[in-house]
There are 2 protein chains.
Amino acid sequence: MDQLRETLKGHQLRTTTCREDVLSTFITKKNALSHGDLEGALGENYDRVTIYRTLKTFLEKGIIHKVLDDEGLRYALCSHSCSEEKHQHDHIHFKCSECGETNCIENLHIPAVQLPMGYQAQNFNLLIQGTCPKCS
Amino acid sequence: MDQLRETLKGHQLRTTTCREDVLSTFITKKNALSHGDLEGALGENYDRVTIYRTLKTFLEKGIIHKVLDDEGLRYALCSHSCSEEKHQHDHIHFKCSECGETNCIENLHIPAVQLPMGYQAQNFNLLIQGTCPKCS
DNA sequence: AATCCACTTGCAACAGAGTTGCAAAATATT
DNA sequence: AATATTTTGCAACTCTGTTGCAAGTGGATT
Ligand SMILES: [Mn+2]
Ligand SMILES: [Mn+2]
Ligand SMILES: [Zn+2]
Ligand SMILES: [Zn+2]
């Protein structure tokens, strides 16, 4: 529980129960979560809007990152300490078509690609869909 | 105009003005389009619902494919003839942070990645964000 | 411990995205 | 021209996300 306060403080955020609970949910469930997932997990405790704002704040501060999806945005914890300034990722995301879970594969990096002349890359997002180990 | 009928017929679809217009819009604008983009382009001509259904039909028939985005789904033409059965892509998508356009880079393929044991990949989606040639 | 200010929350209201059922209209076939 | 089948528009709805504002809370300072 003190772990959570530390993380929040480390990102210049006030400790509130909503932020603790959202952060805690990301830590315990280990997969990528949508706003709806959080709303389901935290139930009636908080207003929808508050959860939206918490996600937005966490995004800006570099606590979570967006995970692209073909049916709605999800979010996942930033493992390597991102901050408000530096907020970059190059790991792969895997979505299982069976169980529906999306996970960061932290130790698998997106291979470099040689873009055509004139393109300047800043950010990479690779989503692989298929069957996860649990479901195959 | 006959080109459009051919394409539709080739995918076992009846020729309707909405389908022609949507297809035509994808062909003339060459970038990825959201439902809202099409609604804007086709104005008052068609009901929102009809455009949604047209997109859904085109998706199923392999005329267009989804383009993942961090702020809402887009769609783009399938270049190599996809069909209802086979619907696969391995090209890269580039989104420009300046002009907001997202484009298929057809001749640039997603490099192979060695997934950990137990993962079975079926589908790849790589979005690179940065600055496009026009905007740099 | 009480005060204070900035930040955060809940509520209400809204805008946008996407879906469903159904009757009317359009398409392709005979 | 008549028909069977598909497609469209409309209405109604759900789900997602945003904004303004007043009330409530966190944390620093006294
Ligand atoms: Mn991730
Ligand atoms: Mn594409
Ligand atoms: Zn699975
Ligand atoms: Zn651009």
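Per chain, numbering begins at 1; letters A, B, ... match sequence-line order. Both backbone and side-chain heavy atoms feed into the values below; hydrogens, waters and symmetry mates do not.
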Measuring from the side chain of [X] (C-beta onward, heavy atoms only), which nucleotide among [options] has the closest atom?
X	options	answer
B/C18	D/dT8, C/dG10, D/dT18	D/dT8
A/R5	C/dT19, D/dG27, C/dG10	D/dG27
B/V49	D/dT19, C/dT20, D/dG9	C/dT20

The test is salt bridge (charged side-chain N to carboxylate O under 4.0 Å, His left out); show your working for B/K95 and B/E71 and say whether it passes.
CA-CA 11 Å; B/K95 176 178 184 181; B/E71 47 188 358; 2.7 Å; yes
Less than 4.0 angstrom between a side-chain N/O of [X] and OP1 or OP2 of [N], yes or no?
X	N	answer
B/T50	D/dG9	yes
B/T54	D/dT7	no
A/T16	D/dG26	no

Starting from [atom2] on [N], measure out to [atom1] on [X] and report it in whole angstrom.
X	N	atom1	atom2	answer
A/N45	C/dG10	CG	P	9 Å
A/L59	D/dG17	CG	C1'	13 Å
A/E60	C/dC7	CD	C1'	14 Å
B/Q12	D/dT5	CD	C1'	16 Å
A/L55	C/dT9	CG	C1'	15 Å
A/D47	D/dA22	CG	P	17 Å
B/D21	D/dG9	CG	C1'	16 Å
A/L13	C/dC7	CG	P	12 Å

Would a 4.5 Å heavy-atom cut-off, applied to side chains only, mark A/V67 and A/L73 as touching?
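With C-beta onward as the side chain, the pair stays apart.
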Under 4.0 Å, heavy atoms only, any strand: does A/R19 hit a base, just the sugar-phosphate, or nothing?
sugar-phosphate
Which part of the nucleic acid does A/T15 contact within heavy-atom distance under 4.0 Å: base, sugar-phosphate only, or nothing?
->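 It contacts sugar-phosphate atoms only.
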**OP:** Just say parallel, tilted or perpendicular for the rings of A/Y119 and B/F94, cut-offs at 30° and 60°.
**Re:** perpendicular
- Message: Quick one: does any side-chain atom of A/H65 pair with a main-chain N or O of A/A76 as donor and acceptor, under 3.5 Å?
- Response: yes
Mark yes or no for whether B/Q88, through its side chain, and B/Q122, through its backbone, hold a donor-acceptor pair below 3.5 Å.
yes
On DNA chain C, compare the nucleotides closest to A/R48 and B/R14; which residue's is nearer the 5' end?
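With A/R48 and B/R14 compared, the 5'-side residue is A/R48.
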